[in-house]
Colleague: 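Okay, handing you the structure first.
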Protein chains: 2
Amino acid sequence: MLTKSSTELVRQRNSVLVLSVLRRHGALAHTEISDFTGLSSATISAITADLERAQIIEKSEQQAASGRGRPRVLLRQRRDCGYLIVIVISSDAVQYSLVDYAGKLIDRFSEERSHDPSGAARFVAGVQAGLLRILDRSRISQEKVLLISISSKGLVASDEPVLLWSPIFGSDQIDFESALRPEWQAKVILDNETLLVAAALGAREEIAKGADFRSLAALSLGHSIGLGIVRRGNQTGQEISAANFGHMLHMAGGGLCRCGTRGCIEAYAGFYAILRTAFEVPLDTIPAKFVPVAELDKIAARARQGHRTSAFAFRQAGLALGNGLSRMLSLTERMPIAITGPGTRYYDLLRQGIEEGLGQSHVVRMEGMPEIRVVPDEPILVFEGHLNRALSVIDQDIVISGGQGGE
Amino acid sequence: MLTKSSTELVRQRNSVLVLSVLRRHGALAHTEISDFTGLSSATISAITADLERAQIIEKSEQQAASGRGRPRVLLRQRRDCGYLIVIVISSDAVQYSLVDYAGKLIDRFSEERSHDPSGAARFVAGVQAGLLRILDRSRISQEKVLLISISSKGLVASDEPVLLWSPIFGSDQIDFESALRPEWQAKVILDNETLLVAAALGAREEIAKGADFRSLAALSLGHSIGLGIVRRGNQTGQEISAANFGHMLHMAGGGLCRCGTRGCIEAYAGFYAILRTAFEVPLDTIPAKFVPVAELDKIAARARQGHRTSAFAFRQAGLALGNGLSRMLSLTERMPIAITGPGTRYYDLLRQGIEEGLGQSHVVRMEGMPEIRVVPDEPILVFEGHLNRALSVIDQDIVISGGQGGE
DNA sequence: ATTTTTTTCTCGACAGTCGAGAAATTAACT
DNA sequence: AGTTAATTTCTCGACTGTCGAGAAAAAAAT
């Protein structure tokens, strides 16, 4: 549905544009902002004056004059304009990070997650406590927290911050919005972890390639399997789509998955599945809840030394991944695939299976093998994705609300 | 990538908005346009005056005054403002339609496609001839044709009007842009046929449900299998994604498909595949190029009378479709599925298999069976999709170019 | 001290939207 | 017939926004 436009909307959009340029390039002078945005100098004056009045940006102290002429006045975000809390939920820990408006990490700690199945209610209480703790450690007032950005593996609702299904809590849903709402007035967003990885890689790609960038998929290999897809939208930045890839059907009536269904990709390519195949345990055995990486390393070592069954386990995993990716590519355009997560250390063993699995489909035979790259440092990408996404949401909100009520 | 906004852009967008409202509701008075768009009366005056001057819309003749007060002056598109040619390519014919700017069908004819494999080059020549013919029959000058909107089954490039793969020409690519470029200055767009069906259904849904509409998939059953997905985008109307669903891998190393790959969905659910299974022909037999519907009707009749192998063929087909759909749903959000195409007449036989196939996956077990509806009149939907899409593209272009050079 | 160079700020012109009220036009009422 | 009420369209001034040009500021070079 189209909607009406007004001159005020123009100002809003251009203000967001200025903030985003500032975000991408750091502190900038008047002239540089004008160059990057394509807006005229007069407009930059007007917009920056507004933003300064609203205490969103500030003039930085005079730096050593670089050349002759009137020295530049650099503009930068006010760090104390607002804060962001990032919560990364993984299977064994929850990491809390406090970030200022300029994107600088102020504080961070992790809390081990006990593996008791006490469920969602207690976990939510833990998150509430964690939030208060990070706030307390840094002595920042609660109102200054503009956004809480959460990520988890699993399936996330598209419009609300609700975790629909996760490998940790199963289908015990968690609604973070309502869990935090009375105390926190900050906006709450929730994203699939691998989606953030894809978003981060997409942003990097876009900086490198510019308009040539079209789309990209990120595949995360670990205890569970995740997939994120980033596509460059028509105009509105880049449109991002999450995925429940790990539990896509690989083979009807196949091996039993942790989720209780048979034949999921994860039941072939998850760590526990590789273990199961390597030890020739029947495929309908209820899988182990958690597999130490050391265990898998041993199997990998054996496989590399030529041990048949071990190599076969990785090959089967690759095949499931390859088939799944080929199915994904049947529904989207051709795109490069980035593989991340702890499973990348076994890529040498998985590769042949992945390629074979891909090769069995029409799209790949027609368009050729997609580019596959390995990007091991997943946690960095997750955090980067959080920042990209969260800070641009904050920019948006801050401009719409016209600063902190000051006008 | 964000881009700068200006006041002129505001006018453009609002002009497009006015045109789109006119499109949806037919001839409207000043006041009504104001109501529908949310723009003030003064703005409507300014915009409509511009559009009238540019000869895009016109005041209609006074109608019988309906109530008291100053009588309304209805505004409507000028039919002769420009024309659209719609080309629907199907396996046995090519249909040409000439439509005026108001969306009214002026002329239409079909040309049988000879089944000779003389290939793409000759086909392109046929299209060129067809275009000239429809132009000639209606005595409309070539410059007045603003857009040529083409649809076909198969895989379409996302940014150019290039047919990458089709059941008819295989991977003999056809670039319609360059094929028509010297003679025709009209814009050329190409869409997957089932995508247009999905777009049309999505538009209907959006009218019925308003903002509640989120997304929808259309599945077309016939000699080949097609899938289109429509999602409501963030702001920019609805974003649409094409799919190569028919040749998604159903089962590795499975039955031989027309495309030369093994195990495609089509190799189980296409008409020829159902025939093959019903007659217990080995699955690696090179499939028939074309299957008369009457032939399939016979099998269906036998199946309905309880004939085992025939019923099995439909069940297998349903299973492949259900598995495929479940895989699609693993990569997207939950959405209703509309089934169209000639294959809908066998839906009673396919249904059980489809539901079983869907039920084998994690998403469906978790979120429940998606809503499935049967919408048999596919050709109408294809044409409706063409019109929706093409006319809104024309509106866009016409506003940007500021009418036909008149200012 | 003056000139050159570079950056920032300011002013008037222009484009767009909006609200209010004037103008137009018909039906209904006395 | 004359007047009033209702309804629609048009117009005017106010406001917001962007832009180009040139003034003002400030440091280096001459």
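Note that these values count all heavy atoms, side chains included, but never hydrogens, waters or copies made by symmetry. Chain letters run A, B, ... following the sequence lines, proteins first, then strands; residues in each count from 1.
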Colleague: Can you measure A:R70 atom CZ to D:dA23 atom P for me and round it to whole angstrom units?
Modeller: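 Distance check: A:R70 CZ to D:dA23 P gives 15 Å.
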Colleague: How bent is the helix from C:dA1-D:dT30 to C:dT30-D:dA1, comparing axes over its five end pairs at each side, to the nearest 10°?
Modeller: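 Both end axes considered, the difference amounts to 30°.
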Colleague: Check the distance between C:dT7's C1' and A:L28's CG and give it to me in whole angstrom.
Modeller: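 From A:L28 CG to C:dT7 C1': 14 Å.
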Colleague: Between protein and nucleotides 16-22 of chain C, what N or O pairs are separated by less than 3.5 Å?
Modeller:
unit_1: C:dT17; atom_1: OP1; unit_2: B:N14; atom_2: ND2; d: 2.7
unit_1: C:dT17; atom_1: OP2; unit_2: B:R11; atom_2: NE; d: 3.0
unit_1: C:dT17; atom_1: OP2; unit_2: B:R11; atom_2: NH2; d: 3.0
unit_1: C:dC18; atom_1: OP1; unit_2: A:K4; atom_2: NZ; d: 3.1
unit_1: C:dC18; atom_1: OP2; unit_2: B:S40; atom_2: N; d: 3.0
unit_1: C:dC18; atom_1: OP2; unit_2: B:S40; atom_2: OG; d: 3.4
unit_1: C:dC18; atom_1: OP2; unit_2: B:T43; atom_2: OG1; d: 2.8

Colleague: Show the nearest heavy-atom pair for residues B:L190 and B:V156, with the distance to one decimal.
Modeller: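 Reported closest heavy-atom pair: O-CG1, 3.7 Å.
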Colleague: Identify, with sequence neighbours excluded, every residue that meets side chain to side chain contact (heavy atoms under 4.5 Å, CB included) alongside A:A42.
Modeller: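 With sequence neighbours excluded, A:A42 shows a side chain to side chain contact (heavy atoms under 4.5 Å, CB included) to A:S40, given in chain and number order.
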Colleague: Could you check which of D:dT9, C:dT8, D:dC10 has an atom nearest any side-chain atom of B:R72?
Modeller: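 Nearest to the side-chain atoms of B:R72, counting from C-beta on, is D:dT9.
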Colleague: Compare the minimum distances between each of D:dA27, C:dT6, C:dT10 and the side chain of A:S45, then state the nucleotide with the smallest one.
Modeller: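 Out of D:dA27, C:dT6, C:dT10, the nucleotide with an atom closest to A:S45's side chain is C:dT10.
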Colleague: What heavy-atom pair brings B:S34 and B:L39 nearest, and what distance separates the two atoms?
Modeller: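 That would be OG-O, 2.8 Å.
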Colleague: With sequence neighbours left out, write down each residue that passes side chain to side chain contact (heavy atoms under 4.5 Å, CB included) with B:L105, or none if nothing qualifies.
Modeller: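 Side chain to side chain contact (heavy atoms under 4.5 Å, CB included) check on B:L105 returns B:S97, B:V99, B:R108, B:F383.
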Colleague: Search all heavy atoms of B:V73 against all heavy atoms of B:K59 and return the closest pair with its distance.
Modeller: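 Nearest heavy atoms, B:V73 then B:K59: CG1-CD, 3.3 Å.
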Colleague: Using the test side chain to side chain contact (heavy atoms under 4.5 Å, CB included), find all partners of A:S151 that sit at least two apart in sequence or belong to another chain.
Modeller: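 Side chain to side chain contact (heavy atoms under 4.5 Å, CB included) list for A:S151, sorted by chain: A:V88, A:L196, A:V382, A:H386.
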Colleague: Rounding to a whole Å, what distance do you find between B:I57:CD1 and D:dT9:P?
Modeller: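 To the nearest whole Å, that distance equals 12 Å.
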Colleague: Could I get the full list of side chain to side chain contact (heavy atoms under 4.5 Å, CB included) partners for B:S392, not counting sequence neighbours?
Modeller: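 Expected list: none.
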